[in-house]
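So you know, we letter chains A, B, ... as the sequences are listed, proteins then strands, and number each from 1. Heavy-atom basis, side chains included; hydrogens, waters and symmetry copies ignored.
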Amino acid sequence: MPLPEAFYHRRTTVVARALLGCVLVHDTPEGRTAGRIVETEAYLSTKDAASHAFRGRTPRNVAMFGHPGRAYIYFIYGMYYCFNVVTEPEGVGEAVLVRALEPIEGLALMQKRRGTDVARNLCSGPGKLVLALGVRPEQNHASLLEGPLRIEAPEAFGLAKVSARKIVATKRVGITLAADLPLRFYERGNLFISRK
DNA sequence: GACCAGATTGTCT
DNA sequence: GACAATCTGGTCA
């Protein structure tokens, strides 16, 4: 059972923490790939200068202002895409960037898509996990509550929740504005995060 | 391990 | 026209 809309209909930092340990699944004609979420970042609305939503709604960021539990996928650095989950009630404009997964299903397919067989290098970054799971830009706005791209609770895959004391909060990666806010979250000790 | 240049293009000012 | 929520492959150690 995918996580319900109510899961996403909360404070963005709460969702960013709660997503750790949950499983992102993508079913495609080539097969299924899935990974355990081990690193996230919260992007807030008008108080967060690093957020795409900081200056309000634009053609690019409209998905951020859409329904909670949908995807916001954007193009970055001329060649990569990043996958986010929309949070808060519709119209607020916040989201959680999924930065790293621990691969748990479809490793061979991930290896083929990524061109490497090093497990730690398959999904250890926002651009990498989009490639490894075969997420496409047309899936911007797609619901994560149903359909081929979903997020499941840990229990659905026989996994335990990530306890609060195993969650580390640090500065976000790759930004210049509002760079000091502790809005990046990852599982302590996990080998599949994007960086120390 | 750390640091750095280069790739490549949509987006917003 | 400047910049960007990144990654890879190179150098040096």
Side-chain angles (χ1 to χ4, degrees), chain A residues 8 11-17 19-20 24 33 35 37-66 68 70-88 92-103 110-142 144 149 151 167-187 189-196:
Chain A
Y8 303 100
R11 291 273 312 279
T12 302
T13 52
V14 171
V15 178
R17 289 171 176 274
L19 278 172
L20 296 177
L24 179 60
T33 44
I37 297 171
V38 297
E39 178 182 346
T40 61
E41 283 180 0
Y43 284 88
L44 312 181
S45 190
T46 54
K47 287 181 179 155
D48 179 7
S51 173
H52 291 170
F54 183 59
R55 296 175 198 285
R57 211 177 291 232
T58 68
R60 172 174 65 164
N61 69 17
V62 281
M64 281 184 88
F65 293 85
R70 301 212 181 189
Y72 168 46
I73 298 167
Y74 65 87
F75 186 62
I76 189 68
Y77 293 118
M79 63 185 92
Y80 297 106
Y81 293 91
C82 291
F83 169 78
N84 299 250
V85 180
V86 177
T87 59
E88 296 273 357
V92 173
E94 302 197 355
V96 174
L97 170 67
V98 178
R99 285 194 57 87
L101 307 176
E102 177 176 340
M110 291 185 188
Q111 290 166 3
K112 181 178 155 201
R113 285 168 170 159
R114 288 275 300 123
T116 176
D117 57 1
V118 180
R120 280 172 64 163
N121 199 27
L122 293 174
C123 302
S124 53
K128 296 178 187 179
L129 69 90
V130 163
L131 291 171
L133 296 210
V135 174
R136 303 185 319 279
E138 305 88 77
Q139 290 173 297
N140 192 26
H141 295 284
L144 304 170
L149 186 60
I151 301 180
I167 298 175
V168 182
T170 60
K171 297 175 185 179
R172 293 174 290 183
V173 174
I175 58 172
T176 53
L177 299 170
D180 290 336
L181 299 178
L183 296 177
R184 171 180 179 238
F185 307 98
Y186 64 87
E187 183 184 33
N190 191 284
L191 298 174
F192 297 87
I193 62 174
S194 66
R195 60 166 82 177
K196 287 293 204 184

Find the distance A:Y186:OH to C:dA5:C1' and express it as a whole number of Å.
18 Å

Just to be sure I understand the rule, does A:R184 reach a base, reach only the sugar-phosphate, or reach nothing, if contact means heavy atoms closer than 4.0 Å?
nothing

For A:R184 and A:E39, the nearest pair of non-hydrogen atoms, with its separation, is NE-OE2, 2.8 Å

For A:F54, does its backbone N or O pair with a side-chain atom of A:D48 as donor and acceptor, under 3.5 Å?
no

To the closest 0.5 Å, what do you measure between CG (A:L149) and CG (A:L24)?
5.5 Å

Dot-bracket for DNA chain B, 5' to 3', Watson-Crick and G-U pairs with both distances under 3.5 Å, [ ] for crossing pairs, | for partner on another strand, reads |||||||.||||.

Are the side chain of A:S51 and the backbone N or O of A:L44 linked by a donor-acceptor pair below 3.5 Å?
yes

Option from A:C123, A:P126, A:S124 for which side-chain contact (heavy atoms from CB on, under 4.5 Å) with A:R99 holds:
A:P126

Short side-chain to backbone donor-acceptor contact, A:R114 and A:N121, under 3.5 Å
yes

Comparing A:T176 with A:R114, nearest DNA chain C nucleotide closer to 5' gives the residue A:T176

Where do N or O atoms of nucleotides 8-12 of chain B meet protein N or O atoms at under 3.5 Å, pair by pair?
residue, atom, partner, partner atom, Å
B:dT8, O2, A:Y77, O, 2.6
B:dC12, OP1, A:T58, OG1, 2.3

Using a 3.5 Å distance criterion without hydrogens, assess whether the side chain of A:E41 forms a donor-acceptor pair with backbone atoms of A:V173.
yes

Within the pair A:S51 and C:dA5, is there a side-chain N or O less than 4.0 Å away from OP1 or OP2?
no

Below 3.5 Å between N/O atoms, which protein atoms pair up with nucleotides 11-13 of chain C? Just atom names and distances, please.
none

Over how many whole Å does the gap from A:N84 atom CG to C:dA4 atom P extend?
17 Å

Just by distance, do the side chain of A:R172 and the backbone of A:L181 share a donor-acceptor pair under 3.5 Å?
no

Side-chain heavy-atom pair A:V135, A:Y81 within 4.5 angstrom cut-off
no

Atom CG of A:L177 and atom P of B:dT13 are separated, to the nearest Å, by 12 Å

Aromatic ring pairing A:Y74/A:H52, orientation class (parallel under 30°, perpendicular over 60°, tilted between)
perpendicular

Taking 4.0 Å as the cut-off, does a side-chain nitrogen or oxygen of A:K196 come that near to OP1 or OP2 on B:dG1?
no

Rounded off to whole Å, could you give me the CZ-to-P distance for the A:R195 and C:dA5 pair?
13 Å

